[in-house]
Q: 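Shown below is the structure under consideration.
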There are 2 protein chains.
Amino acid sequence: MANSTEPTACVDRLKVLADATRLAVVESLMAGPQRVGVLMDRLHVEQSLLSHHLKVLREAGLVDTERDGKAVVYRLADYVKTDSAGQAINLGCCRLSFTP
Amino acid sequence: MANSTEPTACVDRLKVLADATRLAVVESLMAGPQRVGVLMDRLHVEQSLLSHHLKVLREAGLVDTERDGKAVVYRLADYVKTDSAGQAINLGCCRLSFTP
DNA sequence: CATTCATATGAACGTTGGTTTATGTTGTCT
DNA sequence: AGACAACATAAACCAACGTTCATATGAATG
């Protein structure tokens, strides 16, 4: 019931990542765009469940989609992908880097 | 009910931060150790509720406590505090930086 | 030692959120 | 057009989580 006019708080974006499946999706997409079927195989998640989580990522603006025939290709949103070198994602409010 | 022998997953640590109150506590503690009473005033959170959230942060190992008379002082755990300059926290599995 | 201050704990409640099952939609191929 | 493949959506269920209220603990002070 979040008002679409008010900007998403940092907490809400963290909530999106605070799920095993969604975090795995994001980390997997850091390697490049991927089709849903590939994500299913790599993450061992049921189709419907994965689709639900992808919807959350979409609505949070963390990922974008593109059709490729029957398949749908998911990729990290442009603003999310940060510096070329690091394994990091940009949430706008904060940055997450996975390189210790 | 997490088995204490197995290491905490990155997701679990993110879950801890994915709450408005707890994130506010951590951000507030980045400025230095603080007593519970001070956190109550600054964050406008009821005593009991704050205490519950502090417990979650404690059990996650993100904060440490120290007695100061009747009061209890909370501070970020040593490994959490990262580089001197940046407003960043280290979760072990990943780093969160709040400087765009 | 009784009281008060500062914080923690326990239980009960309501809501959110992840999972499952079933069905719908969109595209492709023959 | 029919059939299949790839993915999305809807509804229902259950568990986890945040919140509240009541009570307990521990330290200090008279």
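Below, read A as the first sequence line, B as the second, and so on, with proteins coming before strands; counting in each chain starts at 1. Just so we're clear, the structure is a prediction, and the values are computed from it rather than from any experiment.
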Q: Please report, rounded to the nearest Å, how far the C1' atom of dT9(C) is from the NE2 atom of H53(B).
A: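 Rounded to the whole Å, the gap is 15 Å.
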Q: Atom CG of D19(B) and atom C1' of dT15(C): how far apart are they, to the nearest Å?
A: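 So the CG-C1' distance, D19(B) to dT15(C), works out to 14 Å.
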Q: Output the rounded distance in Å from NZ (K15(B)) to C1' (dG18(D)).
A: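 Checked: the NZ to C1' distance equals 14 Å.
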Q: Treat primed atoms plus P, OP1 and OP2 as sugar-phosphate and everything else as base, then score nucleotides 2-14 of chain D 5' to 3': B for base contact with protein heavy atoms under 4.0 Å, S for sugar-phosphate contact only, - for none.
A: ---SSBBBBB---
Q: Before you tell me yes or no, could you show the steps for R13(A) and V16(A) under side-chain contact (heavy atoms from CB on, under 4.5 Å), namely the whole-Å CA-CA distance, both residues' side-chain angles and the distance that decides it to 0.1 Å?
A: CA-CA 5 Å; R13(A) 305 184 187 187; V16(A) 174; 5.5 Å; no
Q: Return the set of residues passing salt bridge (Lys or Arg N to Asp or Glu O under 4.0 Å) with R58(A) (not counting sequence neighbours), or none when no residue passes.
A: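 Salt bridge (Lys or Arg N to Asp or Glu O under 4.0 Å) list for R58(A), sorted by chain: empty.
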Q: On a heavy-atom basis, which atom in K15(B) and which in D19(A) lie closest, and how many Å separate them?
A: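 Heavy atoms of K15(B) and D19(A) come nearest at NZ-CA, 4.2 Å.
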Q: Which salt bridge (charged side-chain N to carboxylate O under 4.0 Å, His left out) pairs, counting each pair once, include a residue from residues 38-55 of chain B, with sequence neighbours left out?
A: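 Passing the test, one end in residues 38-55 of chain B: no pairs.
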Q: In whole angstrom, what separates L43(A)'s CG from dT19(C)'s P?
A: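 Spelled out: CG on L43(A) to P on dT19(C) is 12 Å.
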Q: Nearest-Å distance, CD (E66(B)) to C1' (dG26(D))?
A: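 These atoms are roughly 16 Å apart.
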Q: Give a yes or no on whether the backbone of A71(B) and the side-chain of R35(B) come within a donor-acceptor separation of less than 3.5 Å.
A: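 Answer holds: no.
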Q: Go through the structure and list residues passing side-chain hydrogen bond (donor to acceptor under 3.5 Å, both in side chains) with R22(A), not counting sequence neighbours.
A: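 Applying side-chain hydrogen bond (donor to acceptor under 3.5 Å, both in side chains) to R22(A) gives H53(A).
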Q: Quantified as the angle between the terminal helix axes (five pairs each), what is the overall bend of the helix from dC1(C)-dG30(D) to dT30(C)-dA1(D) to 10 degrees?
A: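 Roughly 10°, once rounded to the nearest ten degrees.
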Q: Can I get a per-line list of side-chain donor-acceptor pairs under 3.5 Å for residues 61-68 of chain B, giving both atom names and the distance, sequence neighbours left out?
A:
unit_1 : atom_1 : unit_2 : atom_2 : d
R67(B) : NH1    : G69(B) : O      : 3.2
R67(B) : NH1    : K70(B) : O      : 2.9

Q: Over all heavy atoms of both residues, which pair between A18(B) and V11(A) is shortest? Give the atoms and the distance, please.
A: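 The answer is C-CG1, 3.8 Å.
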Q: Quick one: L57(B) CG to dA8(C) C1', roughly how many Å, whole number?
A: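 In whole Å, dA8(C) C1' and L57(B) CG are 15 Å from each other.
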